[in-house]
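To find a chain, count down the sequence lines: A is the first, B the second, and so on, and within it residues start at 1.
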Number of protein chains: 2
Amino acid sequence: MEHDTSSNADCRERILEAAGEIFADCGFRGATVRKICERAKVNVAAINYYFGGKEKLYAEVLRHWHDFATKKYPLLFGVREDAPVDEQLRGFIRSFLFRLLDKGKPAWFGKLMMREMTEPTRSFERLVKEIVRPRDRILASIVQKMVGTSVSEEEIRLCCASIIGQCLYYYNAMYVVTRLYHQDVSKPDEIERIAEHIMQFSLKGLEHNSKHDEDRTKKETESRTSF
Amino acid sequence: MEHDTSSNADCRERILEAAGEIFADCGFRGATVRKICERAKVNVAAINYYFGGKEKLYAEVLRHWHDFATKKYPLLFGVREDAPVDEQLRGFIRSFLFRLLDKGKPAWFGKLMMREMTEPTRSFERLVKEIVRPRDRILASIVQKMVGTSVSEEEIRLCCASIIGQCLYYYNAMYVVTRLYHQDVSKPDEIERIAEHIMQFSLKGLEHNSKHDEDRTKKETESRTSF
DNA sequence: TACAAATTGAAACAACTGTTTTAAACTGGA
DNA sequence: TCCAGTTTAAAACAGTTGTTTCAATTTGTA
């Protein structure tokens, strides 16, 4: 029979589960097929049999756990698109943080994405096109609504970067935060507190731009690349 | 002769140079002794002869390039400790960004540090104690001066995280920024622009927290806007 | 010059990598 | 029951890893 997309749920599922954890923990290169197979309790040949190789398994893992993450934490955390922009931004930040910091399966995809950003594999291009860019567009449109139309494209990009950067920090520097402050950033209460701080910090950061735009337009017009 | 700390400058130096680049590019696990030796134009046995193994070489590389980075980009970018706190913060941000984004050797240590944070090696503990914690203390004291004494330790930590997070973003998401906006974040002009944005964004973010402190009009007159 | 120590070079080592092979075990329909 | 087709299992494969061995070469010094 065809062993392409959706048969042999048992073994296949077990491999996807084990691979999700191992890839998230060790990265693509650091994860070994033997480690994955041991955790999934299957023979080393199973990965090649079901997925056709380590790389194709990795691509499947990305797909599988992205669906899972999207289902558990929608992009705006359930906030409706016609809600006040402030609420939309808060939803975005909370979703982004929970996807990265929540314990276990929900965070697997976030970790994989993070690894793709710092050391891309062959899946990078697809991920940027299908996942990063759409999300970036949504955040940019939220920011745009908050700062007004007189702010340049580039400054909106910088503001988006400031927001995303604050969120990513808690994942990237997780070991440091733990070591330095003995703070567990994966507890839901803590995530909520962090989210609210980033929300308030960014609200003020954005407000600045919306009031000052006329002073700085002369400096930025040179490098404006609108589409 | 003793081949312990500072002899055989030629071969040793060449290995440190090559290893700095390869480790920064590929990480500890990703870098192979053969790749390093090939670039350094030495035999594969040289690393074990001069440093006693890959791991000890790595520790030496961290030491060596940290000294280099500190010399080229001091912690506050040359701003004196008695300068206005705003200037100190600006110096800190510029130093942090240039250390990460500047091209070639100056960035090697920043990249190695970043890798240590996301996937620690045996050098992690020492780096946190000797480098991360002191730097964190300096930033915290700057932030403390800016927001006043009535702000809790935890809120200062959150603010420091927001500042560092914004800086780290441009390194961690470098591939994404390049792909998404075709923007080269390693050009000095661009780094300066990013630094100034983070400076302004953070100034407002901090101001929010110190809203209840009234006595802070002396050094920030240039950037007072809303409220 | 002579000689012991330091350095280099090529080959080999054992451990580990992803993948393939080969055969045995299982499965479900005739 | 039988038996093709599917799935599992163990072993082996070729390639790479960090490290070691050991002889050849270079170096410093008396």
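- For dT8(D), the OP1/OP2 oxygens have a side-chain nitrogen or oxygen of Y50(A) closer than 4.0 Å.
- Here the side chains of V33(A) and L57(A) are not in contact, with every heavy-atom distance at 4.5 Å or above.
- Taking only side-chain atoms of K54(A), from C-beta outward, the nucleotide of dT19(C), dT7(D), dT8(C) with the closest atom is dT19(C).
- We find that R80(A) and E87(A) are not joined by a salt bridge, their nearest charged nitrogen and carboxylate oxygen being 4.0 Å or further apart.
- Atom CG in L57(B) sits about 12 Å away from atom C1' in dG18(D), given to the nearest Å.
- Heavy atoms of other residues, nucleotides or ligands lying less than 6.0 angstrom from CD of E196(A) number more than 12.
- Rounded to an integer number of Å, the gap from OH of Y49(A) to C1' of dA25(C) is 13 Å.
- Close placement of the F23(B) and Y58(B) rings is indicated, their centers lying within 6.0 Å of each other.
- Atom CG in N48(B) sits roughly 14 Å away from atom C1' in dT8(C) (whole-Å rounding).
- Counting all heavy atoms, side chain and backbone alike, V143(B) lies closest to C160(B) at CG2-SG, 4.0 Å.
- One interatomic measurement links the two molecules: CD1 of I47(B) to C1' of dT20(D), which rounds to 14 Å at whole-angstrom precision.
- When the C1' atoms of four end pairs are superposed on the next four at each end of the helix from dT1(C)-dA30(D) to dA30(C)-dT1(D), using five pairs per end, the two resulting axes differ in direction by 10°, to 10°.
- The structure places CG of L16(B) at 11.0 Å from CZ of R63(B), a figure rounded to the nearest 0.5 Å.
- Residue K41(B) contributes atom NZ, which lies 15 Å from atom P of dT8(C) at whole-angstrom precision.
- Between N172(A) and Y171(B), the side chains place no donor N or O within less than 3.5 Å of an acceptor N or O (distance only, hydrogens not considered).
- Annotation: cation-pi pair K54(B)/F28(B) present, NZ/CZ under 6.0 Å from the ring centroid and within 45° of its normal.
- For the pair N43(B) and dT8(C), the criterion of a side-chain N or O lying under 4.0 Å from OP1 or OP2 is not met.
- The stretch residues 17-35 of chain A comes close to DNA chain C through A31(A), T32(A), V33(A), R34(A), each having a heavy atom under 4.0 Å from the strand.
- I15(A) places its CD1 atom 14 Å from the C1' atom of dA9(D), with the value rounded to the nearest Å.
- Residue A45(B) is classed as a base contact, given a heavy-atom separation below 4.0 Å to a base.
- The distance from atom CD of E38(B) to atom C1' of dT8(C) is 17 Å, rounded to the nearest whole Å.
- For the pair F51(A) CZ and dG18(C) C1', the computed distance is 16 Å after rounding to whole Å.
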